Amino acid sequence: NRESLLAGRNSRALLNDDVRRVFNTFLGLEPNLSVRYSAGSRTVFRVPAREADGGDCEVTFGEDIYPGNSVLDPNSSLSMQAAVAHEVSHYYRWRDKTEINDDALEQIDEALTSLEAILRFPRQLNDHDVRQLVADAIQRLQLYSQRRQAGE
């Protein structure tokens with residue numbers, strides 16, 4: 001239940017057409033994934049606390065599903081399509097039991113998720129989306145390395 005998208009993403013209110021476009025994008029990539037819009041919240045892939053709870057996993061998205069205006073931060077500039085592909089890939093990594101569920105390795109898991117999105121959705125992502133996801137993965141690996149060097 002971690003937020004995938006870093007700071008610097010869109011914070012302006014979404015119009016109904018914006019929300020509908022996001023729902024359609026999720027539907028086009030994975031029709032069986034539960035998706036919910038929550039104004040003012042951060043985008044997050046959630047899994048039930050326990051399998052026995054019977055809850056389904058879901059993505060809750062907020063305004064940050066759309067890119068921000070920072071061109072220096074790869075995660076900030078991820079397109080909505082690339083961000084959705086990343087979140088859907090979290091679902092597949094969870095379903096396939098390939099996610100890394102260790103807080104110390106969170107950035108490694110995020111990097112792998114972005115790279116898997118590229119491989120999973122080659123027809124749905126354009127060249128720019130692919131480059132953005134690669135840049136996001138590199139940024140995540142750099143964040144991991146910096147935190148390790150700082151002793152965190």
Side-chain angles (χ1 to χ4, degrees), residues 1-50 53-95 99-101 103 105-144 146-147 152:
N1 294 342
R2 292 181 274 203
E3 297 168 348
S4 295
L5 304 173
L6 300 173
R9 306 246 339 137
N10 178 60
S11 60
R12 293 184 312 241
L14 300 183
L15 303 173
N16 288 340
D17 285 345
D18 299 326
V19 173
R20 188 174 15 264
R21 184 171 166 232
V22 175
F23 275 117
N24 287 338
T25 303
F26 271 107
L27 186 61
L29 296 182
E30 179 46 61
N32 297 315
L33 180 59
S34 177
V35 178
R36 182 172 55 91
Y37 172 60
S38 178
S41 71
R42 299 283 308 269
T43 299
V44 62
F45 173 73
R46 298 182 194 282
V47 297
R50 299 177 308 157
D53 292 342
D56 290 330
C57 56
E58 74 172 5
V59 172
T60 301
F61 72 91
E63 293 76 8
D64 67 339
I65 196 73
Y66 281 92
N69 47 13
S70 171
V71 295
L72 299 177
D73 179 353
N75 186 272
S76 173
S77 61
L78 273 179
S79 70
M80 182 272 289
Q81 180 83 10
V84 168
H86 177 96
E87 295 304 321
V88 172
S89 292
H90 270 300
Y91 164 71
Y92 284 112
R93 288 174 52 75
W94 170 78
R95 186 196 68 184
E99 85 278 15
I100 300 171
N101 197 6
D103 288 342
L105 300 174
E106 176 183 358
Q107 298 302 334
I108 300 292
D109 184 64
E110 292 293 340
L112 290 170
T113 301
S114 282
L115 295 173
E116 187 169 311
I118 295 166
L119 296 174
R120 187 169 293 280
F121 303 111
R123 291 187 184 102
Q124 294 88 346
L125 298 171
N126 63 38
D127 290 344
H128 184 68
D129 293 332
V130 168
R131 285 190 299 276
Q132 287 181 321
L133 285 162
V134 168
D136 179 60
I138 291 169
Q139 179 185 26
R140 300 305 188 129
L141 295 172
Q142 290 170 335
L143 287 171
Y144 172 77
Q146 290 166 1
R147 288 181 180 151
E152 292 179 29

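From a predicted model like this one, the values you see are computed outputs, not experimental measurements.
- Without hydrogens or angle criteria, Asn24 side chain to Arg21 main chain gives no donor-acceptor distance under 3.5 Å.
- Closest of all the heavy-atom pairs between Ala85 and Leu125 is CB-CD2, 4.0 Å.
- Remark: Gln107 CD to Gln146 CD distance equals 10.0 Å, nearest 0.5 Å.
- Not a single donor-acceptor pair under 3.5 Å links the side chain of Thr60 to the backbone N or O of Thr43.
- Listed here is the closest heavy atom pair of Cys57 and Ser34: O-CB, 3.6 Å.
- Taking CG of Leu143 as the start and CD1 of Ile108 as the end, the distance is 10.0 Å to the nearest 0.5 Å.
- Once rounded to the nearest 0.5 Å, the distance linking CZ of Arg140 with OG1 of Thr113 reads 8.5 Å.
- For the side chain to side chain contact (heavy atoms under 4.5 Å, CB included) with Ser114, the lone residue among Gln139, His86, Gln132 that qualifies is His86.
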Original post:
Under the side chain to side chain contact (heavy atoms under 4.5 Å, CB included) criterion, do Leu119 and Leu115 qualify, and how do the steps go?
Top reply: CA-CA 7 Å; Leu119 296 174; Leu115 295 173; 5.9 Å; no
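- From Leu14, atom CG reaches atom CZ of Arg20 across 12.0 Å, with rounding to the nearest 0.5 Å.
- Tyr91 and Trp94 have tilted rings, their planes meeting at an angle from 30° to 60° on a 0 to 90° scale.
- Among all heavy-atom pairs drawn from Leu78 and Pro67, the shortest one is O-CB, 3.2 Å.
- To the nearest 0.5 angstrom, Asn126 atom CG is 8.0 Å from Gln81 atom CD.
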**OP:** For the pair Ile100 and Arg93, evaluate side chain to side chain contact (heavy atoms under 4.5 Å, CB included) and give the outcome as yes or no after the intermediate values.
**Re:** CA-CA 9 Å; Ile100 300 171; Arg93 288 174 52 75; 4.2 Å; yes
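- Residues passing the ring pair (Phe, Tyr, Trp, His ring centres under 6.0 Å) test with Tyr37, sequence neighbours excluded: Phe61.
- A side-chain donor-acceptor contact under 3.5 Å links Glu63 to the backbone of Gly40.
- Among all heavy-atom pairs drawn from Phe26 and Val59, the shortest one is CZ-CG1, 3.6 Å.
- Atom CG of Asn10 is separated from atom OG of Ser76 by 9.5 Å, given to the nearest 0.5 angstrom.
- The two residues Met80 and Thr25 have their closest heavy-atom pair at CE-OG1, 3.4 Å.
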Original post:
Should Phe121 and Val88 be marked as a side chain to side chain contact (heavy atoms under 4.5 Å, CB included) after you check the CA-CA gap, both sets of side-chain angles, and the distance that decides it?
Top reply: CA-CA 10 Å; Phe121 303 111; Val88 172; 3.6 Å; yes
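- Heavy atoms only, all atoms of each residue included: Asp64 and Ser41 are closest at OD1-O, 4.0 Å.
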